[in-house]
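All remarks here apply to the structure that follows.
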Amino acid sequence: MDRSTQKHYFSTELLSWYRRHKRDLPWRRSRNPYYIWVSEIMLQQTRVDTVIPYFNRFIDKFPTVQALAEAPEDEVLKAWEGLGYYSRARNLQSAVREVNERYGGVVPDTKDDVASLKGVGPYTTGAILSIAYNKPEPAVDGNVMRVLSRYFLIEDDIMKPKTRVRMEALAQELIPEGAAGDFNQALMELGALVCTPKSPHCLTCPVLAHCDGRAAGMEETLPVKSKAKPPRPESRAAVLIEGAGRQAGKVLIRQRPQNGLLARMWELPHTALPPGARTGEAGLPTAHAALNAHLAGDGIGLEALAWVMEAEHTFSHIHWNMDVYAARLDASPVFGEAGPLLPSHYRWIGREDMAEHAFPNVFIRILNAYFSGECASS
DNA sequence: AACTCGGGGCG
DNA sequence: CGCCCAGAGTT
């Protein structure tokens with residue numbers, strides 16, 4: 001079959017299918033560019049079902065560009081808690097503030113202006129322009145590359161940037177006149193519901209008839225994707241520092257630095273252990289030494305440790321294997337009237353104070369276990 | 001081009 | 001438990 005006929009068939013059938021089968025999603029109930037923008041940032045590397053409750057809460061809390069621009073950063077980060085890739089939240093608010101000042105709160109509608117916004121790359125630029133403004137720009141994510149690589153039997157490695165550029169050219173050609181928003185969403189909807197990564201549902205696919213990948217029996221092996229490096233393992237020791245006196249029942253947490261891993265999130269104090277260090281009770285002396293060395297710079301020393309639990313956490317590039325201990329402060333800190341004088345990024349909290357601090361999931365798990373008494377401690 | 005940045009769902 | 005992600009920024 002002629003390639004241009006194959007393309008035209010794909011565009012018209014897919015668009016028609018989408019208009020009959022599209023899901024009712026919160027950000028599809030209007031064409032509010034701010035809603036589209038927020039949803040697209042949340043959807044980066046994140047599933048629809050995960051995003052929905054976050055999106056609803058976020059829009060409820062920050063209903064407009066102006067509201068988000070004027071919100072305290074802490075509240076934005078707390079609203080993002082558990083979603084991951086927290087720089088998305090910081091970049092979003094930074095870009096929203098720019099839109100509020102430079103464009104009077106109106107999300108811009110030109111490629112250069114949208115693409116220059118922090119946290120908005122090639123995919124999100126195309127998504128905003130097409131979905132919010134119906135401009136004929138491609139929005140190519142991993143989902144779209146999977147669909148196109150199968151239908152057109154493209155064997156380029158989708159991990160290579162060059163492949164995304166080729167896919168963008170193809171995706172733009174395919175956009176039907178005046179239907180950019182619906183077509184781009186149709187492409188992603190097909191990838192999410194039918195042309196799935198594993199065991200695609202070809203028998204219900206609206207474009208099965210001219211799918212080259214399926215015809216070649218390659219629907220399971222496409223797209224070609226080079227393997228990512230496995231995450232490097234890290235042994236770490238974390239400590240629940242238990243308050244005494246007026247801090248009784250509370251534990252000590254601290255806020256992470258402005259940049260880097262889990263930027264500005266709150267956490268239990270923890271530090272890396274030598275590779276291959278012993279774990280659990282057996283690792284207690286090593287952990288005690290490592291934690292005291294790590295905390296000495298902040299004027300904190302620990303009395304004897306008690307082992308509490310293990311906790312694991314996997315990032316894309318690091319795997320934390322964490323031993324959690326409990327301890328009390330020794331007498332080394334300088335005592336002020338309110339107790340030990342601690343650096344300003346430390347804070348004593350009880351269970352009820354967790355609501356005011358944004359934690360990575362691994363620390364939420366530990367703190368919940370601790371405060372609910374599910375784990376033994378001193 | 002390689003590395004940095006979370007977390008959950010699924011077969 | 002390995003693999004999959006509705007990517008973008010930095011170096």
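Note on naming: letters A, B, ... go to the chains in the order of the sequence lines (proteins, then strands), and numbering restarts at 1 for each one.
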Open item on the list: On the nucleotide B:dG7, are OP1 or OP2 found under 4.0 Å from the side-chain N or O atoms that A:His313 carries?
Closed with: yes
Open item on the list: Applying a 4.0 Å non-hydrogen cut-off, can you work out what A:Gly191 is touching in the nucleic acid: base, sugar-phosphate, or nothing?
Closed with: nothing
Open item on the list: Determine whether a donor-acceptor pair (N or O, by modelled atom type, separation under 3.5 Å) exists between the side chain of A:Ser16 and the backbone of A:Thr12.
Closed with: no
TODO: Flag the pair A:Tyr54 / A:Trp80 as yes when their ring centroid distance falls below 6.0 Å, and as no otherwise.
DONE: no
Open item on the list: Mind checking if A:Val48 touches a base, just sugar-phosphate, or nothing, with heavy atoms under 4.0 Å?
Closed with: base
Task: Nucleotide C:dG7, atom P - distance to CG of A:Leu117 in whole Å - done: 18 Å
Open item on the list: Quick check on C:dC4: is either OP1 or OP2 less than 4.0 Å from any side-chain nitrogen or oxygen of A:Thr196?
Closed with: no
Task: Short side-chain N/O contact to B:dG7 OP1/OP2 from A:Tyr86, under 4.0 Å - done: yes
TODO: Output yes when at least one side-chain N/O atom of A:Lys225 is less than 4.0 Å from OP1 or OP2 of C:dC5, else no.
DONE: yes
Open item on the list: Work out how far the P atom of B:dG9 is from that of C:dA8, and round it to whole angstrom.
Closed with: 23 Å
Open item on the list: Classify A:Ser316 by what it touches in the nucleic acid, base, sugar-phosphate, or nothing, heavy-atom distance under 4.0 Å.
Closed with: base
Open item on the list: Students often get this wrong, so: under 4.0 angstrom with heavy atoms, is A:Leu262 touching a base, only sugar-phosphate, or nothing?
Closed with: sugar-phosphate
- [ ] Could you tell me the separation between the CG atom of A:Asp49 and the C1' atom of B:dG8, rounded to a whole number of Å?
- [x] 11 Å
Task: C:dG7 OP1/OP2 closer than 4.0 Å to side-chain N/O of A:Gln45 - done: yes
- [ ] Look at A:His317 and B:dT4 and indicate whether a side-chain polar atom (N or O) is within less than 4.0 Å of OP1 or OP2.
- [x] no
TODO: May I ask you to verify whether the side chain of A:Thr50 and the base of B:dG8 hold a donor-acceptor pair under 3.5 Å?
DONE: no
Task: Test item: side-chain donor near acceptor, A:Arg146 and A:Asn143, under 3.5 Å - done: yes
Task: Any A:Asn361 side-chain nitrogen or oxygen under 4.0 Å from OP1 or OP2 of B:dG8 - done: yes
TODO: Check every atom of C:dA8, B:dG6, C:dC5 against the side chain of A:Tyr85 and return the nucleotide holding the closest atom.
DONE: B:dG6
Open item on the list: Using a 4.0 Å heavy-atom cut-off, does A:Arg90 contact any base of the nucleic acid, only the sugar-phosphate backbone, or nothing at all?
Closed with: nothing
TODO: Tell me what A:Arg23 touches on the nucleic acid: a base, only sugar-phosphate, or nothing, going by heavy atoms under 4.0 Å.
DONE: base
TODO: Find the distance A:Lys198:NZ to B:dG9:P and express it as a whole number of Å.
DONE: 15 Å
Task: Protein-nucleotide distance (A:Ile318, atom CD1; B:dT4, atom P), rounded to Å - done: 7 Å
Open item on the list: For a quick check of understanding: with a heavy-atom distance under 4.0 Å over all strands, which category does A:Ile158 fall into, base, sugar-phosphate or nothing?
Closed with: nothing
Open item on the list: What's A:Arg365 touching, base or sugar-phosphate or nothing? Going by heavy atoms closer than 4.0 Å.
Closed with: nothing
TODO: Indicate whether OP1 or OP2 belonging to B:dC3 is found under 4.0 Å from a side-chain N or O atom of A:Arg232.
DONE: no
Open item on the list: What is the distance, to the nearest angstrom, from the CD atom on A:Glu137 to the C1' atom on C:dA6?
Closed with: 18 Å
Task: Pairwise P distance, B:dC5 and C:dC5 [rounded to whole Å] - done: 22 Å
- [ ] Whole angstrom is fine here: how far is it from NZ in A:Lys160 over to C1' in B:dA1?
- [x] 9 Å
Task: Side chains of A:Gln44 and A:Thr124, donor plus acceptor under 3.5 Å - done: yes
Open item on the list: Considering every strand and a 4.0 Å limit on heavy-atom distances, what is the contact class for A:Lys118: base, sugar-phosphate, or nothing?
Closed with: sugar-phosphate
Task: Distance between C1' atoms of B:dG6 and C:dC4 (Å, rounded) - done: 14 Å
Task: Donor-acceptor pair between A:Thr110 and A:Tyr133 side chains, under 3.5 angstrom - done: no
TODO: Ignoring backbone atoms, test whether A:Arg164 places a side-chain nitrogen or oxygen under 4.0 Å from the OP1 or OP2 oxygen of C:dG7.
DONE: no
Open item on the list: Using a 4.0 Å heavy-atom cut-off, does A:Thr46 contact any base of the nucleic acid, only the sugar-phosphate backbone, or nothing at all?
Closed with: base
Open item on the list: Whether A:Arg20 engages the ring of A:Tyr18 as a cation-pi pair (distance to the six-membered ring centre under 6.0 angstrom, angle to the ring normal within 45°) should be assessed.
Closed with: no
Open item on the list: Within the 3.5 Å criterion, strictly below it, is a donor on A:Asn361 or A:Glu81 matched to an acceptor on the partner's side chain?
Closed with: no
- [ ] Starting at atom CG of A:Leu193, determine the distance to atom C1' of C:dC5, rounded to an integer number of angstrom.
- [x] 15 Å
- [ ] Just call it for A:Lys162: base, sugar-phosphate, or nothing, with non-hydrogen atoms closer than 4.0 Å on any strand.
- [x] nothing
